[in-house]
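Presented below is the structure to which this report refers.
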Amino acid sequence: MVHVCRKEHFNAAHKLWNPKWSEEKNKAVFGPCANENWHGHNFELIVTIKGKPDMDTGFVVDLKQLSTLIRREVIDKVDHKNLNVDVPFMAGKMASCENLVMEFWKILQPLVDELIKEGGLYKLTLYETPRNFVEYYGE
């Protein structure tokens, strides 16, 4: 299997806040991420596909098609949005990178499977900052 990666970028705001906790506990656990007026990040999403190259094209996946799919189904829905307020698939969920990347997987996995003849979605990597990122391989 060959692993092919596509990186996409988006900007979004969020707040980490557990309504079951006091303000003091939220600030102690989440620090500046519990800012009542939100805070933003320049996110990087890396979508990794695994598969065998097609005999006719040599491609595991057509990266233009993959980019279009990622942008249409994920990036356009989160870019320049407030993840806590503006994104329906995050409603009622803590807007952590861990939860966000799992929601991205639910959206992308079935669509990538339709796009690829032999292979599929292997991993999602979501960078919140250059030093903080999460990786998700599905269930």
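Please read these numbers as outputs of a predicted model, since none were measured by experiment.
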Indicate if [X] and [Y] have the same hydrophobic cluster label, given that clusters are the connected sets of ILVMFWY residues with side-chain heavy-atom separations under 4.5 angstrom.
X	Y	answer
Leu108	Phe133	no
Tyr136	Val112	yes
Val87	Leu16	no
Val2	Leu66	yes
Leu100	Trp38	no

### Message
With side-chain contact (heavy atoms from CB on, under 4.5 Å) as the criterion, how do Thr57 and Asp62 come out once you've worked through the C-alpha distance, each side chain's angles and the decisive distance to 0.1 Å?
### Response
CA-CA 9 Å; Thr57 65; Asp62 180 324; over 6 Å; no

Practice problem: Using a cut-off of 6.0 Å, state whether more than 12 heavy atoms not belonging to Lys52 lie near its atom NZ. | Solution: no

Next item on the list: Could you tell me whether Lys27 atom NZ has more than 12 heavy atoms of other residues or ligands within 6.0 Å of it?
Entry: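 12 or below, so no.
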
Looking at every heavy atom in both [X] and [Y], which two are closest together, and how far apart are they?
X	Y	value
Pro110	Trp105	CD-O, 4.2 Å
Arg6	Leu63	CB-CD2, 4.3 Å
Ala95	Leu83	CB-CB, 4.2 Å
Pro53	Gly58	CB-O, 3.4 Å
Ile70	Glu8	CG2-CG, 3.6 Å

Look up atom [atom1] in [X] and atom [atom2] in [Y], then write down how far apart they are to the nearest 0.5 Å.
X	Y	atom1	atom2	value
Glu135	Thr48	CD	OG1	8.0 Å
Phe10	Lys81	CZ	NZ	12.0 Å
Ile46	Lys123	CD1	NZ	7.5 Å
His9	Ile75	NE2	CD1	9.0 Å
Lys77	Ile107	NZ	CD1	6.0 Å
Met102	Asn99	CE	CG	5.0 Å

Sub-4.5 Å side-chain heavy-atom contact between [X] and [Y]:
X	Y	result
Trp17	Asn84	no
Leu126	Leu124	no
Gln109	Asp113	yes
Val78	Phe104	yes
Tyr122	Val4	no
Met94	Phe30	yes
Phe43	Glu128	yes
Asn11	Asp79	yes

Item to complete: Start with the C-alpha gap between Leu121 and Ile49, add the side-chain angles, then the distance that decides, and say whether side-chain contact (heavy atoms from CB on, under 4.5 Å) holds.
Response: CA-CA 5 Å; Leu121 187 57; Ile49 306 298; 4.0 Å; yes

